[in-house]
J.: 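Below you'll find the structure I mean.
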Amino acid sequence: MPGTTIIGTGHFVPGEPVHNDALARVMDTNDDWIHQRTGIRQRYYAEDGTGSSDLGKEAAVRALKAAKVSPEEVDYILCATMTPEFVYPGSGGLLGAKLGIPGVPALDIRMQCAAIPFALQVADGLINTGAANTVLLVGAEVQSGFMPWNDWDTVRGRAQNKIPQEDWDKATRQRGVSVLFGDGAGAFVLRKSEIEGHGLIGSALYTDGRDVKLIYVQGGGFTKHPYVSKETLENDDLYPRMQGRDLFKSAAVRLPKAVREVCLRCNINIDDIDYFVAHQANDRINEAVRHSLKVPTEKIPSNIAKYGNTSAATIPILLDELILEGRVKKGDLLCFLALGAGLHWGASLLRL
C-alpha cells in the first residue's frame, strides 16, 4: 500500500548569520572552542518580537509553493515547537491564522528535537484514517529567548559596548548550552503517495521520562507557586540545563539501535538507505551514529555548521536543502532519526 509521503518542503531562517566570534563579544568563548565541540560555525537569531509561528509561516509558504498546494487545501496542521509565543496556547493556531486558514485544526506537539519522526507517524495516522488528505507539518523554533546575554546590539555587531562583568560571568556560566542553539523553521506538505511502496514505511519511536534531567528547563513549571519567582531568575532556572556527556552517550547508543529496529521491522537493509536525515544537535553525535551503523559519510549529511541546533526545525531544513541541491530525489529511501528532551527518540523510514 502507498504510505504518507512528502510532496513539498521549505525552510526559513531570520536575519543575518551570527558567527561564533560574535558570541565571544559577550562571554568567554571562541570559534575554535565551539566548532571543535559541536561542528557549529554560525546560527541565526530572530529579532525581538518575532515568534515561532512567524518563522513557521515563511517556511510553510515555501513548502506549499513547492508542493503546488494552496493553503486552503490544508486539512490539518501539525506544529512542532518547544518555544511557543505563549505558555499557552501553542503556536499552531497562530500559524493557521497567519496562513489565512483559521478553522483548520492545528495540533501542537512537544517532542522537542525528536519532533519529526513522531510527527510523521501522527500525520500518517491522520491520512490513513481519512481525517485529513493534506497535512502541513511545521517545525519552528525561536530559541534566542534562551540566550543568557542582554546586549543583542553587540552580538549582532551594531554596537561595541563594554560588557559588565556580572553580565559576562552570567553568560559564560551558560555557554555550554547557549552556543548550540539557533532560530529557524522547516515545513513538509504531506499526502498519500500515488506510488505503491512509497511513503512512510515504518517507525521505531521511544520515550523515557526517567532521563528528563539530561536536558531540560527547571524553572517556569507548575510545581512552583508562583511558577516564576525572584528565586527562579536569580538561580538561572529559566535557562536550559544539560548533562552533555550523558546525553551524548544516550544518543550514540539509542539512535543506532532505533535505526536497526525500524529496519528489522520493515525488512529493510541498512545499506539500501540512500540518506540518513538526522537531527542536527552535534556533529560528534552524528559521527558516532555513522560509525555504529557503518555507513559512508556522504549518507549522513550535515548542515549544523550553518544553522546550529534549531531543534524541531533541523530535519525539515536539512531535507529541503538536500532537495534544492538535487541530492535527494523522488524514489530515494530516507531514514529520519532524532533524540530530544524528554527523552524522546526514534527513527522513521520513508521512500520519497
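Computed from a prediction, not measured in an experiment: that's the story for all the values here.
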J.: Would you mind listing every ring pair (Phe, Tyr, Trp, His ring centres under 6.0 Å) that reaches into residues 161-214, with sequence neighbours excluded?
T.: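 For residues 161-214, and leaving out neighbouring residues, the ring pair (Phe, Tyr, Trp, His ring centres under 6.0 Å) pairs sorted by first residue read Tyr206-Trp345.
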J.: Taking atom OG1 of Thr314 and atom CG of Asn303, what is their separation to the nearest 0.5 Å?
T.: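 The distance works out to 8.0 Å.
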J.: Answer yes or no: is there a side-chain heavy-atom contact under 4.5 Å between Leu64 and Val189?
T.: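 They are in contact (side-chain heavy atoms under 4.5 Å apart), so the answer is yes.
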J.: Is a side-chain donor-acceptor pair under 3.5 Å present for Asp28 with Thr172?
T.: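 No.
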J.: Evaluate the side chain to side chain contact (heavy atoms under 4.5 Å, CB included) criterion for residues Lys330 and Ile195: first the C-alpha distance (whole Å), next the side-chain angles of each, then the deciding distance (0.1 Å), finally the verdict.
T.: CA-CA 11 Å; Lys330 196 174 186 67; Ile195 304 173; 3.7 Å; yes
J.: Do Met82 and Ile116 sit in the same hydrophobic cluster, where Ile, Leu, Val, Met, Phe, Trp and Tyr count as joined when their side-chain heavy atoms come under 4.5 Å apart?
T.: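 Different hydrophobic clusters.
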J.: Establish, from distance only, whether the side-chain atoms of Ser348 and Ser203 form a donor-acceptor pair under 3.5 Å.
T.: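 Ser348 vs Ser203: donor-acceptor pair found between side chains.
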J.: Can Lys224 and Glu231 be said to form a salt bridge (charged side-chain N to carboxylate O under 4.0 Å, His left out), step by step?
T.: CA-CA 11 Å; Lys224 301 294 184 181; Glu231 183 182 44; over 6 Å; no
J.: Starting from the C-alpha separation in whole Å, work towards a yes-or-no answer on salt bridge (charged side-chain N to carboxylate O under 4.0 Å, His left out) for Asp31 and Arg41.
T.: CA-CA 7 Å; Asp31 178 54; Arg41 291 289 190 189; 2.5 Å; yes
J.: Calculate, to the nearest 0.5 Å, the distance between atoms CD and CG belonging to Gln36 and Asp283 respectively.
T.: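 The distance works out to 13.0 Å.
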J.: Passes side-chain hydrogen bond (donor to acceptor under 3.5 Å, both in side chains), Glu47 versus Thr50? Steps please.
T.: CA-CA 6 Å; Glu47 294 284 352; Thr50 299; over 6 Å; no
J.: Distance check, rounded to the nearest 0.5 Å: Asp208 atom CG versus His344 atom NE2?
T.: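 Here the interatomic distance stands at 10.5 Å.
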J.: Do Cys263 and Ile273 have side chains that approach each other closer than 4.5 Å (heavy atoms only, starting at C-beta)?
T.: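 Touching, per the 4.5 Å side-chain cut-off.
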J.: Quick one: list whatever passes side chain to side chain contact (heavy atoms under 4.5 Å, CB included) with Asp236, sequence neighbours left out.
T.: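 Partners of Asp236 under the side chain to side chain contact (heavy atoms under 4.5 Å, CB included) test: Lys170, Arg173, Gln174, Tyr239.
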J.: State yes or no: do Leu333 and Leu293 share one hydrophobic cluster built from I, L, V, M, F, W and Y residues joined by side-chain heavy-atom distances below 4.5 Å, directly or via other members?
T.: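 Cluster IDs for Leu333 and Leu293 match.
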J.: Whether the side chain of Asp332 engages the backbone of Leu352 through a donor-acceptor N/O pair (distance < 3.5 Å, no angle test) should be reported.
T.: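 Judged by distance alone, no pair lies under 3.5 Å.
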J.: With the 4.5 Å side-chain cut-off for hydrophobic clustering, are Val122 and Phe336 part of the same group?
T.: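 Yes, Val122 connects to Phe336 through the hydrophobic network.
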J.: Any side-chain donor paired with an acceptor under 3.5 Å for Arg245 and Gln243?
T.: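 No, because no side-chain N or O of Arg245 sits under 3.5 Å from a partner of the opposite role on Gln243.
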J.: Side chains of Trp149 and Ile163: does their closest heavy-atom pair fall under 4.5 Å?
T.: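 Of all side-chain heavy-atom pairs linking Ile163 with Trp149, none is under 4.5 Å.
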J.: Yes or no on side-chain hydrogen bond (donor to acceptor under 3.5 Å, both in side chains) for Thr310 and Glu141, after CA distance, side-chain angles and deciding distance?
T.: CA-CA 6 Å; Thr310 57; Glu141 305 287 359; over 6 Å; no
J.: How far apart are the C-alpha atoms of Arg191 and Val69, what are their side-chain angles, what is the distance that settles it, and do they pass the side chain to side chain contact (heavy atoms under 4.5 Å, CB included) test?
T.: CA-CA 11 Å; Arg191 277 183 177 168; Val69 170; 3.8 Å; yes
J.: Crowded around Glu325 CD? As in, over 12 foreign heavy atoms under 6.0 Å?
T.: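 It does: Glu325 CD has more than 12 such atoms within range.
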J.: Side chains of Leu95 and Lys57, heavy atoms from C-beta outward: is any pair under 4.5 Å?
T.: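 In contact.
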J.: Please check: side-chain N/O of Asn30 versus main-chain N/O of Asp32, any donor-acceptor pairing under 3.5 Å?
T.: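 Yes, the answer is positive, given that a donor and an acceptor are paired below the 3.5 Å cut-off.
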J.: How far does CD1 of Ile101 sit from CG of Asp75, to the nearest 0.5 angstrom?
T.: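 One finds 9.5 Å between CD1 of Ile101 and CG of Asp75.
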J.: So with a 6.0 Å cut-off around CZ of Phe86, is the heavy-atom count from everything else above 12?
T.: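 It does not: Phe86 CZ has 12 such atoms or fewer within range.
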J.: Donor-acceptor pair, distance only, cut-off 3.5 Å: does the side chain of Gln143 make one with the backbone of Asn309?
T.: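 A pair under 3.5 Å: yes.
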J.: Can you give me every donor-acceptor pair (side chain of residues 251-258, partner residue at least two apart or in another chain, under 3.5 Å) with its distance?
T.:
residue	atom	partner	partner atom	Å
Arg254	NH1	Asp211	OD2	3.0
Arg254	NH1	Ser250	OG	2.8
Arg254	NH2	Asp211	OD2	2.9

J.: Quick one: which of Asn133, Asp124, Leu120, Leu136 gives a side chain to side chain contact (heavy atoms under 4.5 Å, CB included) with Leu190?
T.: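 Answer to the side chain to side chain contact (heavy atoms under 4.5 Å, CB included) test with Leu190 among Asn133, Asp124, Leu120, Leu136: Leu120.
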J.: Does atom CD of Glu194 have more than 12 heavy-atom neighbours from other groups under 6.0 Å away?
T.: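 No, because the 6.0 Å sphere around CD of Glu194 holds 12 heavy atoms or fewer from other groups.
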J.: Taking C-beta and beyond as the side chain, do Asn128 and Lys192 meet within less than 4.5 Å on heavy atoms?
T.: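 A side-chain contact under 4.5 Å exists here.
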J.: Is there a continuous path of hydrophobic side-chain contacts, each under 4.5 Å between heavy atoms, that joins Leu337 to Tyr307?
T.: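 No; tracing contacts between hydrophobic side chains, which count when under 4.5 Å, never links both residues.
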J.: Look only at the side chain of Asn286 and the backbone of Gln280, and say whether a donor-acceptor pair between them is shorter than 3.5 Å.
T.: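 Side chain of Asn286 to backbone of Gln280: no pair is present.
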J.: Name all residues meeting the side chain to side chain contact (heavy atoms under 4.5 Å, CB included) criterion together with Asn267; count only those two or more places apart in sequence or in a different chain, and write none if there are none.
T.: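 Expected list: none.
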J.: Group every Ile, Leu, Val, Met, Phe, Trp and Tyr by side-chain heavy-atom contacts under 4.5 Å, then state whether Val61 and Leu78 land in the same group.
T.: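 Looking at the clustering, Leu78 is in a separate group from Val61.
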J.: Indicate yes or no: at least one non-hydrogen side-chain atom of Phe276 is less than 4.5 angstrom from one of Arg290.
T.: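 No - every pair of side-chain heavy atoms lies 4.5 Å or more apart.
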J.: Within the side chain of Ser53, is there an N or O that forms a donor-acceptor pair under 3.5 Å with the backbone of Gly56?
T.: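 Between the backbone of Gly56 and the side chain of Ser53 there is no qualifying donor-acceptor contact (under 3.5 Å).
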J.: My understanding is that only residues two or more places apart in sequence, or in another chain, count here; which of them pass side-chain hydrogen bond (donor to acceptor under 3.5 Å, both in side chains) with Asp153?
T.: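 Testing Asp153 for side-chain hydrogen bond (donor to acceptor under 3.5 Å, both in side chains), a comparison that skips the adjacent residues, returns none.
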J.: Would you confirm whether Asp320, through its side chain, and Ile317, through its main-chain N or O, come within 3.5 Å as a donor-acceptor pair?
T.: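 Here the side-chain-to-backbone pair does not exist.
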J.: Do Thr29 and Asn20 have side-chain heavy atoms sitting under 4.5 Å apart?
T.: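 Counting from C-beta outward, Thr29 and Asn20 never come under 4.5 Å.
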J.: How many angstroms lie between OG1 in Thr5 and CG in Leu334, if you round to the nearest 0.5 Å?
T.: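 It comes to 8.5 Å.
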J.: If only atom types and distance count, is the side chain of Gln42 paired as donor or acceptor with the main-chain N or O of Val18 below 3.5 Å?
T.: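 Checking the backbone N and O of Val18 against the side chain of Gln42, no donor-acceptor pair under 3.5 Å is found.
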J.: Is the backbone of Val179 close enough, under 3.5 Å, to the side chain of Arg43 for a donor and an acceptor to pair up by distance?
T.: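 Checking the backbone N and O of Val179 against the side chain of Arg43, a donor-acceptor pair under 3.5 Å is found.
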J.: Flag the pair Glu321 / Pro301 as yes when at least one side-chain heavy-atom distance between them is below 4.5 Å, and no otherwise.
T.: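 Answer no - side chains too far apart.
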J.: Within the distance-only criterion (no hydrogens, no angle test), does the side chain of Lys294 pair as donor or acceptor with the backbone N or O of Asp271 below 3.5 angstrom?
T.: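 No, because the side chain of Lys294 does not come within donor-acceptor range (under 3.5 Å) of the backbone of Asp271.
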J.: Test side chain to side chain contact (heavy atoms under 4.5 Å, CB included) on Ile6 and Ile323; report intermediate values, then the result.
T.: CA-CA 11 Å; Ile6 299 164; Ile323 290 173; 5.6 Å; no
J.: Give, for atom NZ of Lys329 and atom CG of Leu322, the distance between the pair rounded to the nearest 0.5 Å.
T.: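 Going from the NZ atom of Lys329 to the CG atom of Leu322 covers 10.5 Å.
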J.: Might you work through the side chain to side chain contact (heavy atoms under 4.5 Å, CB included) test for Ile285 and Leu247, ending with a clear yes or no?
T.: CA-CA 10 Å; Ile285 290 176; Leu247 190 64; 5.8 Å; no
J.: Is there any ring pair (Phe, Tyr, Trp, His ring centres under 6.0 Å) pair reaching into residues 1-23, and which pairs are they, with sequence neighbours excluded?
T.: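 Ring pair (Phe, Tyr, Trp, His ring centres under 6.0 Å) check on residues 1-23 returns no pairs.
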J.: Would you find a donor on one side and an acceptor on the other, under 3.5 Å apart, between the side chain of Thr38 and the backbone of Leu180?
T.: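 Pair absent, no side-chain N/O of Thr38 close to backbone of Leu180.
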